[in-house]
Amino acid sequence: MDFLWDKITEWLKEMLVSGIASNLSGMFDATNQKVAEISGQIGLTPQAWNGSIFNMIQSLSETAIVPIAGAILAFVMTLELIQLVTDKNNLNDVDTWMFFKWAFKSAAAVLIVTNTWTIVMGVFDAAQSVVSSASGVIVSDASIDISAVMVDMEARLMEMELGSLFGLWFQSLFVGITMWALTICIFIVIYGRMIEIYLVTSIAPIPMATMMGKEWGGMGQSYIRSLLALGFQAFLIIVCVAIYAVLVQNIALVDDISNAIWTCMGYTVLLCFCLFKTGSLAKSVFNAH
C-alpha cells in the first residue's frame, strides 16, 4: 500500500512540477515584450509613431479647427484693442504707440496661429531628443526569466512536499493571470498617451489663437504647459523602466521560488503604478491642470 501511495505521490509531484515549470517559463514573456517596447514606443514623435493618424489629425486641424481659431483670434484681438483704448482715461490720454503695440501683437498672434503645427511638433521633437539621449544612458535589460534565476528549479521542486507544490502551482497560476492584466495596463499607458497627444494637438490652433490676449492669454499658456507635460512624460516613463530594470536584476539574489515569483509580480505592479502616475506628475511639474 505504501508503494502504491509513493507512486501516486511521485506522479502528482511530476505533474505539478511540470505545470509549475510551464507556468513560470512563459509567465513574464508578454510583460517582457511590453516593457521592451516601451523604450521604442515612448521615444517616437507623433509623426513617427503612426504616420496615417498624424496626417489625418493634421488635416482635420487645418481644415476644421483653423477657421474657428481665426474667428477667435479676431475676437480676442478686437477685445484687446478696445481694452487698450478704454484704459487710457476715457480716450483723454490716447497714445498712438499703443496702436503699434496692438498691431505688433496681432501680427505675432497671426504668425503663431499659422505656424501652430510647427510649434506643437517642435515641442515633441525636443522632448523626443531628450528621451533618446536618456534611453541610451539609463535603460538596460529589464526582462524577467524565473527559470534562469532559479538554478536546478525542477530538482528543487521535486524535493518539496506535495501540499507545498499544490500551493506553489496555484500561486504561479494566479500570478500568471495577474501578469496578463498588468501587460494590458502597460499597453493602456503607452498607447493611451499617444492617443491623448493626437487629441490635444488636433485642437491646437484654438488655444494658440489666444496667446497674445491680455485676459485670454492664460488659455494658450496653459496649453503650452500641457504639451510640455505630455512630451516630457516620456522621460519620466523611461526613468521608471530604468528603475524597474535595476530592481529586476536583484531577483537573482532570491533563493526561494515562491518569494521570487511574488517579488517579480510586485516589481511589475510597482512599474504599472509608476507609469500611471507619470502623467499627473508631469502636469504638476509644469503646472498644467
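Side chains included, hydrogens not; waters and symmetry mates left out as well; all remaining heavy atoms used.
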Ignoring hydrogens and geometry, is there a side-chain-to-backbone donor-acceptor pair from [X] to [Y] under 3.5 Å?
X	Y	result
Tyr223	Val200	yes
Ser61	Gln58	no
Ser59	Met56	no
Thr278	Leu275	yes
Ser222	Met219	no
Thr45	Asp125	no

Are [X] and [Y] packed together at the side-chain level, in the sense that at least one heavy-atom pair is separated by less than 4.5 angstrom?
X	Y	answer
Ile237	Ile190	yes
Gln233	Arg193	yes
Thr183	Phe187	no
Val113	Met211	no
Phe286	Leu227	no
Val189	Cys272	no
Phe54	Ile197	no

Is it possible for you to say whether [X] and [Y] belong to one hydrophobic cluster, with membership spreading through side-chain heavy-atom contacts below 4.5 Å?
X	Y	answer
Ile186	Phe273	no
Phe276	Ile195	no
Leu60	Met208	yes
Val76	Val66	no
Leu73	Leu111	no

Minimum heavy-atom distance between [X] and [Y], given as atom pair plus value:
X	Y	result
Pro207	Thr210	O-OG1, 2.6 Å
Thr201	Trp117	O-CZ3, 3.3 Å
Ala69	Ala209	O-CB, 3.5 Å
Leu44	Met194	O-CE, 4.3 Å
Leu281	Ser284	O-OG, 2.6 Å
Ser202	Ile65	O-CG1, 3.4 Å

Q | Spatial distance of atom CE (Met212) from atom CH2 (Trp102) [nearest 0.5 Å] | A |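 Answer rounded to 0.5 Å: 14.0 Å.
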Q. For the atom pair OG1 (Thr116) and CE (Met121), what is the distance rounded to the nearest 0.5 Å?
A.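 Thr116 atom OG1 to Met121 atom CE measures 10.5 Å (nearest 0.5 Å).
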Q) Does the pair Glu80 and Lys105 meet the rule for a side-chain contact (heavy atoms from CB on, under 4.5 Å), with working shown? A) CA-CA 10 Å; Glu80 184 77 8; Lys105 293 178 68 173; 2.6 Å; yes
Q) What is the ring orientation for Trp49 with Tyr198, classed by angle as parallel under 30°, tilted 30 to 60°, or perpendicular over 60°? A)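 Rings of Trp49 and Tyr198: tilted, 30 to 60°.
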